[in-house]
Amino acid sequence: MNDEHQYCTFYLCDLYFGLPVLNVQEVIRIQTMTRVPLAPPSVRGLINLRGQIVTALDLRRQLDLPDRLPDELPVNVVIQTDDGVVSLLVDEIGDVLSVSEHDFESSPPTLQGTARELILGAYKLPDRLLLILDTERTINLTNQSRGVGRQTDAHLLPDETESPRRPSGPQVRHDSPNRLRFL
Amino acid sequence: MNDVIREFLLETHENLAQLDTDLITLEKKPTERETLARVFRTLHSVKGTAGFIGLMKLQAVVHAAESLLSKLRIGEIVFNQRIATAMLGVVDAIRQVLAAIEADGSEGTGDYTVLIQQLDRLRETSGVVGVPETPPRAAAVPSTSSPTPSPLDPATSPSPPVASSPLSAVVASSSLVPPVSEQPATETPTELRGSAVADTTLRVDVGLLDKLMVLMGELVLTRNQIVQFSLSQENTAFLGTVQRFNLLTTELQTNVMKTRMQPIGNVWSKFPRVVRDLSVACGKQVRFEMDGQETELDKTIIEAIRDPLTHMIRNAVDHGIESPEVRVSAGKFPVGQLSLHAFHEGGKVIIEIVDDGGGIDPQRVREKAVRSKTVSAENAARMSDSELVNLVFLPGFSTTDKITHFSGRGVGMDIVRTNIEKIGGVVDINSRVGQGTTVRMMIPLTLAIIPVLTVTSGGERYCIPQVNLLELVRLEGEQATRGIESIHGTPVYRLRGNLLPVVYLDEQLRGDSNRAATGEINIVVLQADDRQFGLVVDAIHDTEEIVVKPLQKQLKGITAFAGATILGDGRVSLILDVVGLAQRTNVSGARVRVLDEKARGVSEATSSRQESLLLFRTTDGGRMAVPLAVVVRLEEFPRAALERVGNRDVVQYRGEILPLLEISRELHRLVRRRGRPVRERRVEQAATHSTDDTIQVVVYAGDTRHVGLRVGSILDIVEEDITARSDANRPGVLFTAVVQGRVTEFLDVDAMIRASAPELVVAKTAVATHSTE
């Protein structure tokens with residue numbers, strides 16, 4: 001019997017999420033964060049994790065959820081990925097849950113937008129749904145068309161004729177923000 | 001691969017570089033017995049091991065070479081160029097076999113019978129072929145009688161490991177590693193040197209050194225944090241310990257860094273061979289000199305400059321140095337001089353490649369640049385010689401018309417610059433036509449730990465690598481409000497008379513821009529590529545030694561940052577990428593285009609109610625304006641381009657002769673005609689006083705011909721409603737108005753030309769009459 005999976009759970013905007021527990025390195029609360037100008041909005045900053053510089057991504061912004069209020073301090077869920085250690089900012093941390101494969105169901109086709117790319121599906125717990133994130137996709141900003149437009153405007157884009165040796169600036173795509181359309 | 005073969009590969013790789021150098025030394029000084037003996041020993045041990053591990057092909061080649069060498073050794077024949085070529089062929093063959101063994105364990109498919117025959121022929125027929133080069137028999141005799149070290153002597157057979165190999169670095173104190181040089185080891189007895197090196201050096205895996213360096217970096221950061229923390233402590237014992245810890249860390253850092261240091265000669269050792277092969281192939285004669293081989297650099301930097309250096313050496317031989325005939329006809333010594341220098345200067349290593357060849361002709365670069373549409377003709381005409389010469393760094397740019405086997409494809413210099421900049425270095429070319437070219441590279445000593453300046457902008461601290469830093473300027477009080485001026489909205493600062501483009505860091509990074517309230521302006525003057533610009537920051541702090549940590553992939557696309565680091569207080573700080581920032585803001589390379597683009601942008605916007613004006617300063621300092629609509633172009637001519645026709649200055653401009661009117665002088669002439677007191681002398685003085693190499697000209701659109709109006713300097717292009725105006729107080733001026741808060745005279749160009757240069761107007765009507773007929 002190998003259909004039991006363990007998930008590290010957390011809350012975002014009253015949604016209940018889980019990441020495979022083996023991907024999670026630690027959960028900490030770090031307040032000092034160095035802002036990175038020009039970065040995609042999901043990047044909230046850089047933190048010093050015992051001498052290691054780790055990028056902090058705000059999962060709310062990744063999932064196009066409304067921002068936290070200024071007095072709501074996020075929690076860092078530090079996860080290990082093939083591309084190094086990344087910190088995900090979540091609202092509140094939950095328990096480590098063991099769930100059964102039988103209760104899993106993929107996202108319905110009505111789930112759209114970025115949420116569709118990031119949420120693999122849900123475990124049907126007795127009282128609520130546990131949404132499972134795709135770890136690799138969650139930390140990957142390059143494949144997504146998201147957000148960059150908020151901070152980029154035309155005159156800041158590198159002049160392509162002037163800087164042939166540099167990669168051209170981030171692509172701007174004006175998608176209307178997609179909210180989670182499920183639950 | 002078994003241990004014996006691995007050992008053989010390692011050792012032979014190291015010896016090959018030495019072989020190259022030795023053979024070339026022999027070519028120049030055929031009687032150098034020590035060197036000959038060393039070559040013999042090396043080849044002999046290669047042959048022995050090759051036979052032992054069953055590399056028959058290799059053994060055969062080396063055997064043939066050895067037979068030839070033994071004839072040389074006993075003085076029957078004398079080393080000459082043909083022998084050198086064949087022997088270098090042997091070295092190449094050994095390299096090929098080694099590469100094949102490394103790849104698949106076999107000897108490879110190379111066929112060396114031709115080479116062996118050649119070697120045999122040289123040995124047999126040397127008596128005939130070598131006659132012209134053979135010195136009198138008597139000279140060769142003593143060499144046979146003097147004992148040479150036995151090739152089998154165990155103390156002498158391993159050559160000292162001097163060259164780097166891809167698998168290992170040689171750790172040794174620099175004084176013990178003999179620099180690879182053309183100077184033969186005549187001073188030091190070979191036996192002594194071999195054993196001394198063997199006793200004091202140790203092979204260490206480079207991976208281990210890298211690891212050590214990473215740990216060192218962490219230790220430095222931790223030290224910074226402890227030192228910062230200790231400032232808030234009062235326990236003297238603790239403070240004492242911290243101080244000692246601080247010193248020890250610094251010392252440890254220096255020494256760990258030293259383990260990664262290698263003499264630059266390791267890279268250079270192959271250059272004599274490169275130069276020789278290339279000059280023979282190009283039919284040129286080149287004397288190649290190197291000095292400063294012992295200058296040490298971090299291993300990673302040595303690796304990074306290897307290719308750029310090779311490329312530039314090739315360029316110098318292939319394009320720089322002329323063929324002997326050309327040189328002689330130019331009155332030069334037929335043998336070209338190419339030299340390579342390395343030395344320390346201001347915490348950096350300077351490498352110079354100097355040739356006395358034909359140099360780079362700025363005019364040819366200009367033509368080429370215009371033809372390949374790299375630069376527009378107007379811009380090219382306005383560029384200075386050194387700007388033109390530095391165009392060779394543009395991608396795809398080559399001044400040579402023929403593509404040779406070695407160079408001329410136009411990809412090289414671009415890569416040279418990119419590679420050098422990647423490691424935080426700077427390249428610069430200086431060239432004088434007919435006299436030669438100097439390429440100068442400034443390279444940082446190490447990449448791992450770099451000194452930076454910390455600044456604050458928008459509430460965050462940023463690090464600026466000191467390598468890009470030129471100076472700091474602080475504007476206070478009135479200076480702060482008036483110091484930064486504007487060219488059509490683009491801020492500039494006058495730094496010792498030159499306009500320095502100014503970039504606001506907070507604006508670039510989209511932070512808060514509440515800078516007006518501070519009452520002081522901090523400008524960090526930076527160098528990016530060959531341009532300078534001023535970066536305005538909120539505050540300037542300290543310098544700090546930091547370890548560069550790369551940004552994670554989520555942030556890789558941001559060209560403004562080179563990485564991040566952890567500062568003394570434990571906070572993360574971003575390191576600015578000065579070159580990237582300059583490119584973002586268009587500072588680099590933009591100077592030439594600025595006026596053109598501004599002019600275009602503004603004239604396209606003429607539908608607006610406001611009038612576009614060109615503001616300029618006359619040579620005697622007056623501030624004037626003309627409508628932009630009548631201005632064809634702004635030009636800059638070298639003073640040398642001025643020619644004199646009658647009493648008038650002219651320049652050749654786009655296939656026509658452009659008459660030049662000096663505005664201030666013409667206006668004063670007008671005044672004189674009206675019988676007012678003259679101040680002509682002062683004007684003349686002012687006009688001749690400006691000893692710049694270039695003159696600024698506004699090309700004015702007449703109906704049929706252009707007239708050049710010579711001005712002191714172009715100030716700005718503005719769009720403004722002219723409200724406050726008063727009547728003119730001198731002829732040639734339409735009216736006076738306030739533009740940008742300054743009183744400005746509006747020039748009546750037509751009136752001035754009519755009055756002061758009637759022949760131009762006559763010419764105009766004459767042409768007009770002619771055309772109506």
Please give me the minimum heavy-atom distance between B:E460 and A:R35, naming the atom from each residue. OE2-N, 3.1 Å

Enumerate the ring-ring contact (aromatic ring centres under 6.0 Å, His included) contacts for residues 60-86 of chain A, please, sequence neighbours excluded, ordered by first and then second residue. none

Minimum heavy-atom separation for A:P37 and B:F561, please, with both atom names. O-CE1, 3.3 Å

Mind checking whether A:V86 and B:Q554 have side chains closer than 4.5 Å, heavy atoms only? yes

Please state whether the side chain, the backbone, both or neither of A:L57 comes within less than 4.5 Å of a heavy atom of chain B. side chain

Which portion of B:I566 sits near chain A, non-hydrogen atoms under 4.5 angstrom: both

Are there more than 12 heavy atoms of other residues, nucleotides or ligands under 6.0 Å from atom CD of A:E105? no

Within a radius of less than 6.0 Å around NZ of A:K124, do more than 12 heavy atoms belonging to other residues, nucleotides or ligands occur? yes

State, to 0.1 Å, how close A:A39 and B:L555 come at their nearest heavy-atom pair, and which atoms those are. CB-CD2, 3.5 Å

Contact origin within B:T565 toward chain A - heavy atom pairs under 4.5 Å: backbone

In this structure, CG of A:N48 is separated from OG of B:S573 (nearest 0.5 Å) by 12.0 Å

Who wins among A:L46, A:V54, A:I47 for the most heavy-atom pairs under 4.5 Å with chain B? A:L46

From the list B:L221, B:I558, B:L551, the residue making the most non-hydrogen contacts under 4.5 Å with chain A is B:I558

